[in-house]
Amino acid sequence: MGNGTSSKPLFHPPPHAQPVQPARSIGQPPPQYCRATKALLIGINYEGTSAQLRGCQNDAQDIYDLLTRNFGYDRNNIRVMMDGRGKEFPSRQNILKNIKWLVSGAQPGDCLFFHYSGHGGQQEDPNCAEEDCMDETILPADFQRAGQIIDDELFEAMVRPLPDGVRLVAVMDCCHSGTGLDLPYTYQDGQSQWYGMSMPTGYGYQNVGWHCDDNPYHSEGNVLLFSGCMDEQTSADVQAPYSKPRGAMTEAFIQTVERNRSRTTYKQFLQGLRQNLSRAGHSQYPQLTSSQKFDIEKPFEVVGGICPNMNPQVGRAFTKRKHPKSNWLNNSGDPLGNMLFPDVDPFCLMLLCDIGCTDSFELGGLDDLLSGFDD
């Protein structure tokens with residue numbers, strides 16, 4: 001770095017996590033009646049900034065239409081946050097406030113939905129609880145002032161409070177979103193490629209089925225996350241010649257739902273997401289993570305199909321300390337790095353970045369490493 005000092009990304013310290021506790025309910029029968037209850041949809045274009053996106057507000061509106069049209073969600077029970085169009089401003093404080101609204105009062109049989117489209121990032125995890133010693137983040141519209149929201153905080157605010165018998169389906173259309181809610185189980189399908197899409201290095205595709213984290217973050221509710229990409233990947237914000245701008249993952253999610261109106265399994269739905277992205281020329285690789293292990297061949301449902309809690313304890317269980325990465329800086333080819341790393345010599349950032357995304361803007365991009373900039 002030009003001035004010989006170290007620069008860290010802007011972040012907000014995570015709240016004090018609650019200790020590991022015994023689960024209140026284990027192995028109970030699933031609720032007999034399920035209902036579409038609440039949804040929180042967030043689309044941030046970062047209007048007026050050098051990291052402005054184009055399709056995120058459209059994503060939130062399109063998911064709103066999908067939920068009301070296909071899944072029976074009441075318009076009065078859906079909150080939409082945008083940095084424009086007269087919607088509630090998605091500041092850090094407002095996002096956390098609305099997450100609290102989403103999960104408050106949840107009862108067995110409730111089916112909740114969360115969608116986020118915007119910039120995503122990573123920052124160093126001082127506890128080294130995750131495989132790469134990095135926390136995944138989402139960036140509120142005021143992140144330069146208020147900081148990012150890390151995955152640990154999202155888990156404590158949105159996942160841990162849910163009781164047994166409540167379902168939450170989340171879609172995160174942003175970079176580095178693979179484990180964006182810190183859910184303990186990741187589904188691995190045992191394939192090295194899908195429709196010409198090569199698996200990222202280190203995916204471990206030789207292990208088929210559910211993989212549990214070494215330091216799992218357990219909860220009682222039934223939470224599923226469909227991520228736009230893996231932790232080390234970026235997600236695209238795109239515009240086809242005759243269509244409006246959209247996030248690639250949101251577009252693929254809606255297309256997969258619309259093309260599979262008959263019963264389809266979770267495995268088939270995940271394959272459909274990847275196929276739609278690959279056909280559109282995107283290399284990002286969506287992931288499915290879950291708070292509960294379940295049969296991947298069961299029918300895909302947004303409302304219904306609630307899995308009972310089988311985790312005997314809730315909270316983060318530390319069993320293995322990971323090794324931190326070396327010093328790292330933005331290398332995504334987008335202006336977000338200049339906002340997250342305002343003190344870094346611009347020439348240094350230019351050397352690190354791959355400039356020239358022509359047909360897409362990446363929704364984040366804090367993924368590559370650099371050594372030696374502290375000297």
Under 3.5 Å donor-acceptor, Ser177 side chain and Gly228 backbone: yes
Any chance you could measure Leu277, atom CG, to Tyr285, atom OH, to the nearest 0.5 Å? 11.0 Å
Please check if atom CD in Gln93 has more than 12 non-hydrogen atoms from other residues, nucleotides or ligands closer than 6.0 Å. no
Met310 and Val20: same hydrophobic cluster, using ILVMFWY side-chain contacts below 4.5 Å? no
Are the side chain of Asn58 and the backbone of Pro245 linked by a donor-acceptor contact shorter than 3.5 Å? yes
Pairs involving residues 148-174, ordered by first then second residue, that meet ring-ring contact (aromatic ring centres under 6.0 Å, His included) (sequence neighbours left out): Phe155-Tyr217
Identify whether the distance between the nearest side-chain nitrogen and carboxylate oxygen of Lys244 and Asp62 falls below 4.0 Å. yes
Does Lys298 come within less than 4.0 Å of Asp295, counting only side-chain N to carboxylate O? no
From Thr234 atom OG1 to Glu232 atom CD, the distance as rounded to the nearest 0.5 Å: 10.5 Å
Between Glu136 and Gln122, do the side chains contain a donor N or O and an acceptor N or O under 3.5 Å apart? yes
Check the orientation of Tyr187 and Trp210. Use parallel for under 30°, tilted for 30 to 60°, and perpendicular for over 60°. perpendicular
Closest non-hydrogen atoms of Pro286 and Leu273, given as atom of the first, atom of the second and distance, are CG-CB, 4.4 Å
Any residue meeting salt bridge (charged side-chain N to carboxylate O under 4.0 Å, His left out) with Asp213, in chain and number order, not counting sequence neighbours: none
Distance-only polar pair, side chains of Thr256 and Asn276, donor-acceptor under 3.5 Å: yes
To the nearest 0.5 Å, atom CE of Met172 lies from atom CD1 of Ile138 at 5.5 Å
May I ask you to decide if Asn76's main-chain N or O and Tyr73's side chain share a donor-acceptor pair within less than 3.5 Å? no
Establish, yes or no, whether a centroid distance under 6.0 Å links the rings of His211 and Tyr185. no
Considering all heavy atoms of both residues, which atom of Cys175 and which atom of Ser235 are nearest to each other, and what is their separation? SG-N, 3.2 Å
For a side chain to side chain contact (heavy atoms under 4.5 Å, CB included) check, start with the C-alpha distance between Gln271 and Asp189, then their side-chain angles and the critical distance, and finish with the verdict. CA-CA 9 Å; Gln271 292 172 0; Asp189 49 34; 5.9 Å; no
Sidechain-backbone polar pair: Asp151 side chain, Gly180 backbone, donor-acceptor under 3.5 Å: no
So do Ile254 and Ile63 actually touch side chain to side chain, heavy atoms under 4.5 Å? yes
Modelled atom types, side-chain donor and acceptor of Arg79 and Asn98, under 3.5 Å: yes
Could you check whether Glu258 pairs with Arg69 (Lys NZ or Arg NE/NH1/NH2 to Asp/Glu carboxylate O, under 4.0 Å)? yes
If you take all heavy atoms of Ser290 and Pro184, which pair is closest and at what distance? O-CD, 3.4 Å
Determine, step by step, whether Val80 and Gln61 satisfy the side chain to side chain contact (heavy atoms under 4.5 Å, CB included) criterion, reporting the C-alpha distance in whole Å, the side-chain angles of both residues, the deciding distance to 0.1 Å, and the verdict. CA-CA 8 Å; Val80 181; Gln61 183 61 53; 5.5 Å; no
Between Leu53 and Phe89, is there shared hydrophobic-cluster membership here, with clusters defined by ILVMFWY side-chain heavy atoms closer than 4.5 Å? no
Approximate separation, where rounding is to 0.5 Å, of Asp125 CG and Asp135 CG: 4.0 Å
Using the rule given for side chain to side chain contact (heavy atoms under 4.5 Å, CB included), can you reason through Leu112 versus Leu40, listing the C-alpha separation, both sets of side-chain angles and the distance that settles it, and then say yes or no? CA-CA 8 Å; Leu112 314 175; Leu40 174 60; over 6 Å; no
Return the CZ to OG distance between Arg316 and Ser219, rounded to the nearest 0.5 Å. 11.5 Å
What pair of heavy atoms forms the shortest contact from Tyr46 to His119, and how long is it? OH-N, 2.9 Å
Geometric class of the Phe269/Phe300 ring pair [parallel <30°, tilted 30-60°, perpendicular >60°]: parallel
Are Phe294 and Tyr266, when compared by the centres of their aromatic rings, separated by less than 6.0 Å? yes
Chi angles and distances behind the side chain to side chain contact (heavy atoms under 4.5 Å, CB included) call for Arg167, Leu224: CA-CA 8 Å; Arg167 180 180 181 80; Leu224 301 178; 3.3 Å; yes
Please report the C-alpha distance between Glu47 and Arg85 in whole Å, then the side-chain angles of each, then the deciding distance to 0.1 Å, and finally whether the salt bridge (Lys or Arg N to Asp or Glu O under 4.0 Å) criterion is met. CA-CA 11 Å; Glu47 294 183 339; Arg85 307 189 189 184; over 6 Å; no
Side chains of Leu154 and Asp182: closer than 4.5 Å at any heavy-atom pair? no
Looking at CG of Asp214 and CZ of Phe318, how far apart are the two atoms once the value is rounded to the nearest 0.5 Å? 12.0 Å
Residues pairing under salt bridge (charged side-chain N to carboxylate O under 4.0 Å, His left out) where one sits in residues 99-115, two or more places apart or in two chains, turn out to be Arg35-Asp110
Under 3.5 Å, is there a donor on one side chain and an acceptor on the other for Asn309 and Gln292? yes
Using only heavy-atom distances, determine whether the side chains of Ser91 and Asn94 contain a donor-acceptor pair under 3.5 Å. yes
Side chains of Gln268 and Glu297: is there a donor and an acceptor less than 3.5 Å apart? no
For His115 and Thr250, does a side-chain donor sit closer than 3.5 Å to a side-chain acceptor? yes
